[in-house]
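Below is one structure, written out as structure tokens; the observations come after it.
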Amino acid sequence: DVKKEALRIYRDVKDRGITRGLEDSLVMDACVFVASKRLGKPIIHLSSGDKKQEAEYRRRLYSVVSKIAQLYPLYTRNTSEYFYSLVDIFPLPPEIREEAKELIRNNMDLLNGRNPKGVVGAIVYIVAQKHHIDLYQRLIADKLGITEVTIRHRVKELRKRILENI
């Protein structure tokens with residue numbers, strides 16, 4: 001049950017002091033989000049109607065979700081097969097595909113709270129660049145059904161961490 005799991009996560013997060021200083025309602029919403037993802041249940045989002053307020057709330061919510069996801073990963077190992085299948089879409093040599101999959105395997109926590117297609121797209125782009133393969137952000141974005149901007153943002157976020165591991 002999502003409510004029970006969310007409450008369990010909430011109590012644990014509060015006890016550990018991870019969300020100290022944050023609004024309880026925001027933390028509870030984040031716990032419900034994490035519990036829903038972990039249990040594979042749909043996440044219901046109620047719109048307030050005010051787009052600017054909603055965007056700010058969502059930004060704050062995902063910030064809290066990423067903190068909680070460090071303790072309670074959103075994705076299981078079964079889900080990793082989905083991420084690997086995204087890599088297989090691209091015309092890359094097998095050894096480069098395996099390098100991208102290895103980066104995903106070693107950095108599953110990077111996927112928490114982010115669009116997985118954006119993270120996988122950024123990993124594919126960075127690995128292709130490293131091996132001097134012309135795989136453009138536009139092509140990756142089109143094949144994954146996301147925007148170039150998403151890939152650019154994920155590349156900026158991931159470049160420091162991933163390049164340290166390459």
Side-chain angles (χ1 to χ4, degrees), residues 1-89 100-126 140-141 144-165:
D1 179 50
V2 174
K3 287 180 183 179
K4 288 179 184 174
E5 178 69 2
L7 189 56
R8 186 182 69 74
I9 293 170
Y10 177 81
R11 287 181 180 142
D12 186 38
V13 170
K14 280 297 193 182
D15 288 346
R16 293 178 189 228
I18 293 170
T19 57
R20 186 173 293 128
L22 296 172
E23 304 165 34
D24 284 340
S25 62
L26 181 67
V27 174
M28 192 63 217
D29 286 351
C31 290
V32 169
F33 182 93
V34 170
S36 297
K37 283 289 226 181
R38 288 175 56 87
L39 296 172
K41 302 290 184 188
I43 299 165
I44 298 171
H45 174 72
L46 301 175
S47 176
S48 65
D50 184 351
K51 295 287 185 199
K52 193 171 183 179
Q53 260 185 341
E54 194 173 309
E56 173 61 20
Y57 183 77
R58 199 171 24 249
R59 184 192 63 73
R60 291 173 49 228
L61 178 68
Y62 289 140
S63 171
V64 177
V65 165
S66 63
K67 287 180 184 180
I68 295 171
Q70 291 172 4
L71 290 175
Y72 297 94
L74 302 181
Y75 301 107
T76 64
R77 287 294 168 201
N78 295 342
T79 317
S80 62
E81 292 304 316
Y82 167 69
F83 303 132
Y84 303 152
S85 72
L86 294 175
V87 173
D88 291 334
I89 292 172
K101 290 177 183 180
E102 184 66 26
L103 282 171
I104 293 169
R105 192 173 12 266
N106 294 334
N107 296 288
M108 286 295 281
D109 61 311
L110 293 174
L111 298 161
N112 290 329
R114 291 182 176 82
N115 179 345
K117 289 180 178 181
V119 176
V120 170
I123 288 173
V124 167
Y125 180 75
I126 290 170
I140 295 170
L144 292 176
I146 56 177
T147 67
E148 288 177 75
V149 174
T150 300
I151 292 177
R152 268 196 296 281
H153 287 151
R154 295 301 85 82
V155 166
K156 284 179 187 176
E157 291 173 1
L158 301 173
R159 195 174 287 275
K160 293 175 196 169
R161 181 171 177 174
I162 290 176
L163 288 179
E164 290 171 2
N165 296 332

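If you read the sequence from its start, that first residue is 1, and numbering goes on from there.
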At what distance, to the nearest 0.5 angstrom, does [atom1] of [X] lie from [atom2] of [Y]?
X: L144; Y: I151; atom1: CG; atom2: CD1; answer: 6.0 Å
X: N115; Y: H153; atom1: CG; atom2: NE2; answer: 13.0 Å
X: R60; Y: D29; atom1: CZ; atom2: CG; answer: 10.0 Å
X: E148; Y: T150; atom1: CD; atom2: OG1; answer: 10.0 Å
X: L86; Y: I140; atom1: CG; atom2: CD1; answer: 12.0 Å

Minimal non-hydrogen separation, [X] against [Y], with atom names:
X: V34; Y: I9; result: CG1-CD1, 4.0 Å
X: A6; Y: C31; result: O-CB, 3.6 Å
X: V87; Y: A100; result: CG1-CB, 4.0 Å
X: V32; Y: V2; result: O-CG1, 4.2 Å
X: R38; Y: Y72; result: NH1-C, 3.5 Å

With a 4.5 Å limit on heavy-atom distance, are the side chains of [X] and [Y] in contact?
X: S36; Y: E5; answer: no
X: Y125; Y: R159; answer: yes
X: R154; Y: I123; answer: no

Working note: V119 + E157, criterion side-chain contact (heavy atoms from CB on, under 4.5 Å); need CA distance, chi angles, decisive distance, verdict. CA-CA 9 Å; V119 176; E157 291 173 1; over 6 Å; no
Tell me whether the count of non-hydrogen atoms from other residues, nucleotides or ligands lying under 6.0 Å of CZ in R8 goes above 12. yes
Tell me if a side-chain donor or acceptor on S63 pairs with a main-chain N or O of R59 at a distance below 3.5 Å. no
side-chain contact (heavy atoms from CB on, under 4.5 Å) between F83 and R105, worked out: CA-CA 9 Å; F83 303 132; R105 192 173 12 266; over 6 Å; no
Please list, one pair per line, the donor and acceptor atoms closer than 3.5 Å that link side chains of residues 13-21 to other protein atoms, with sequence neighbours excluded.
unit_1, atom_1, unit_2, atom_2, d
K14, NZ, D24, OD1, 2.8
R16, NE, D12, OD1, 3.0
R16, NE, D12, OD2, 3.3

